[in-house]
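Structure first, then comments.
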Amino acid sequence: MDLAELSRAELEQALAAIGLPRFRAAQLYRWIHRRGVTDFSAMRNIPADLRARLAREFRIGGPAILRTDVSTDGTTKLLLKLEDGREIESVYIPDTPNQTFCVSTQVGCAMACGFCLTGRMGLVRNLSAGEIAGQVRLLARETGLSGAPFNIVLMGMGEPLHNYDAVMKALRMLYDEEGLGVHPKRVTLSTVGVVSGLERLAQEPDMPNVAISLHATTDEARDKLVPINRKWKIRQLLDQCRQLPVGTRRRITFEYVLLEGVNDTPEDARRLAKLLGNMRAKVNLLPLNAAPGIPFSRPSDDRVNAFARVLADAGTIVSVRKSRGRDIRAACGQLIVEGQQKT
């Protein structure tokens with residue numbers, strides 16, 4: 001049994017089954033999740049004979065680092081190998097102003113957005129809760145941030161709401177005070193708009209921040225850029241967003257990748273402001289991170305600024321995201337593992 005796949009309650013049950021008291025589960029959980037330890041022999045506050053027994057009965061799995069790439073701006077991309085040989089990518093983004101970990105939820109992605117390299121892989125498989133939480137543990141250990149505050153964005157490879165149960169279990173594991181103790185307000189889940197998943201998310205007692213990848217202001221345009229729009233149209237998506245229990249000090253973020261000559265006109269900006277006019281929303285503009293295989297171009301800075309100005313003048317909270325890690329292909333939409341495509 002892999003203990004890294006278990007919530008603390010499940011860990012208590014697994015240890016109770018072999019006659020161990022509940023406090024041992026808390027000890028193990030701290031070693032695994034807070035300190036990132038995978039070797040029972042390193043757990044110094046557990047008796048040696050019990051460590052040996054645990055090593056016979058259980059194991060502690062997780063991703064392993066295959067390669068580390070560091071950008072000129074300090075962004076670090078990790079190529080990780082899973083236990084079945086599949087590979088994923090995770091990213092550490094420093095000084096944002098908080099430290100941020102960008103983690104994956106699937107190997108590949110089924111959403112096939114037209115400007116995203118990950119979608120070209122197709123969906124290979126879902127990640128388990130332990131593999132998702134394991135990326136955070138590994139990043140915290142490698143960056144020395146295990147005892148410090150950091151943010152988590154579920155914006156790596158995959159669509160989080162397409163792997164709902166594993167993602168929510170992973171978040172609960174990360175929230176646990178005996179582990180890393182991450183507050184839900186420090187987590188952002190990015191989705192292209194899986195409305196059925198958003199309906200479930202609205203019922204979560206500890207809902208993370210939500211970022212909606214919108215990218216277009218008409219169904220005709222979004223059908224082409226984000227194929228899931230053919231199932232759930234913009235109006236249906238926004239109606240569901242209005243049902244999310246967003247507190248008075250939080251907002252839903254709407255991500256909008258700007259593509260030259262496609263969705264970057266002043267008319268698009270005015271439509272976007274109107275669509276979001278009665279919501280607790282903010283818009284995050286992302287000038288396209290161009291890459292070979294993406295059939296679109298990045299707009300000029302003047303065009304980006306003009307788009308942002310129309311939104312601001314309409315009273316919409318707007319920011320323009322600075323791309324990080326573009327030189328190591330770690331920016332949004334650029335994560336892809338060659339040779340891992342679905343067969």
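A quick note: this is a predicted structure, and the numbers were derived from the prediction, not measured.
Thr38 has its side chain out of reach of Trp31: every pair of non-hydrogen atoms, C-beta onward, lies at least 4.5 Å apart. In this structure, the side chains of Thr253 and Ile212 stay at 4.5 Å or more apart for every pair of heavy atoms. Contact of the Phe254 side chain with the Val318 side chain is not registered, since no non-hydrogen atoms from C-beta on lie closer than 4.5 Å. Arg125 is listed as a side-chain neighbour of Asp84, based on a closest heavy-atom distance under 4.5 Å. Contact annotation: the side chain of Gln240 never approaches that of Trp232 to less than 4.5 Å [non-hydrogen atoms, C-beta and beyond]. A heavy-atom distance below 4.5 Å is not found between the side chains of Met157 and Thr105. The side-chain heavy atoms of Leu198 and Val210, taken from C-beta on, include a pair separated by under 4.5 Å. Between Thr191 and Leu189, some side-chain heavy-atom pair lies under the 4.5 Å cut-off.
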>> Could you go through Arg222 and Ile234, starting from their C-alpha distance and side-chain angles, then the distance that decides it, and tell me whether this counts as side chain to side chain contact (heavy atoms under 4.5 Å, CB included)?
In response: CA-CA 8 Å; Arg222 197 167 191 264; Ile234 291 175; 3.7 Å; yes

> Yes or no on salt bridge (charged side-chain N to carboxylate O under 4.0 Å, His left out) for Arg321 and Glu255, after CA distance, side-chain angles and deciding distance?
Replying inline: CA-CA 10 Å; Arg321 182 186 294 179; Glu255 308 277 3; 3.0 Å; yes

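A salt bridge does not link Arg34 to Glu177: none of the charged nitrogens lies less than 4.0 Å from a carboxylate oxygen. Salt bridge absent: Asp219 and Arg230 never bring a charged side-chain N and a carboxylate O closer than 4.0 Å. Note on Arg172 versus Asp176: no salt bridge recorded, every NZ/NE/NH1/NH2 to OD/OE distance being 4.0 Å or above. A salt bridge links Arg67 with Asp69; the closest basic N to acidic carboxylate O contact falls under 4.0 Å. Electrostatic pairing of Glu12 and Arg24 does not count as a salt bridge here, judged by no charged N lying under 4.0 Å from a carboxylate O. Salt-bridge check for Lys77 with Glu89: passed, with a basic side-chain N closer than 4.0 Å to an acidic carboxylate O. Salt bridge present: Glu10 and Lys169 bring a charged side-chain N and a carboxylate O closer than 4.0 Å.
Taking both residues in full, the closest heavy atoms of Ala273 and Ala314 are given as CB-CB, 3.7 Å, listed atom of the first, atom of the second, then distance. Nearest heavy-atom pair, Met1 versus Leu6, reported as atom, atom and distance to 0.1 Å: SD-CD1, 3.7 Å. Residues Met111 and Glu159 approach most closely at CG-CB, 3.7 Å, considering heavy atoms. Between Ala133 and Met173, the closest heavy-atom pair is CB-CE, 4.4 Å. Closest of all the heavy-atom pairs between Ile294 and Asn289 is CD1-O, 3.8 Å. Annotation for Arg51 and Ile46: closest pair NE-O, 2.7 Å, computed over non-hydrogen atoms.
Looking at Tyr92, its side chain never comes within 3.5 Å of a backbone N or O of Glu142 through a donor-acceptor pair.
In terms of the side chain to side chain contact (heavy atoms under 4.5 Å, CB included) criterion, residue partners of Glu260 (sequence neighbours excluded) are, by chain and number, Asp264, Ser297, Pro299. Qualifying side chain to side chain contact (heavy atoms under 4.5 Å, CB included) partners for Lys274, counting only residues two or more places apart in sequence or in other chains: none.
Enclosure of atom NZ in Lys233 by more than 12 non-hydrogen atoms of other residues, nucleotides or ligands within 6.0 angstrom is indicated. More than 12 heavy atoms of other residues, nucleotides or ligands sit less than 6.0 Å from atom CZ of Arg200. Dense packing is recorded around CD of Glu267, with more than 12 heavy atoms of other residues, nucleotides or ligands lying under 6.0 Å away.
Remark: the Ser300 side chain and the Asp302 side chain contain no N/O donor-acceptor pair separated by less than 3.5 Å.
Here the SG-CG distance, from Cys241 to Leu275, works out to 11.0 Å after rounding to the nearest 0.5 Å.
Aromatic ring centres of Phe307 and Tyr256: separated by under 6.0 Å.
Of the residues listed (Val283, Asn229, Leu272, Val257), the one engaging Leu214 in a side-chain contact (heavy atoms from CB on, under 4.5 Å) is Leu272, and it is the only one.
Between Phe150 and Phe101, the ring planes lie tilted relative to each other; the angle falls in the 30° to 60° range.
In the hydrophobic clustering of this structure, Met279 does not group with Ile317; members are Ile, Leu, Val, Met, Phe, Trp, Tyr whose side-chain heavy atoms approach within less than 4.5 Å, directly or through other members. The cluster map of Ile, Leu, Val, Met, Phe, Trp and Tyr, joined by side-chain heavy atoms under 4.5 Å apart, puts Leu3 and Leu127 in different clusters.
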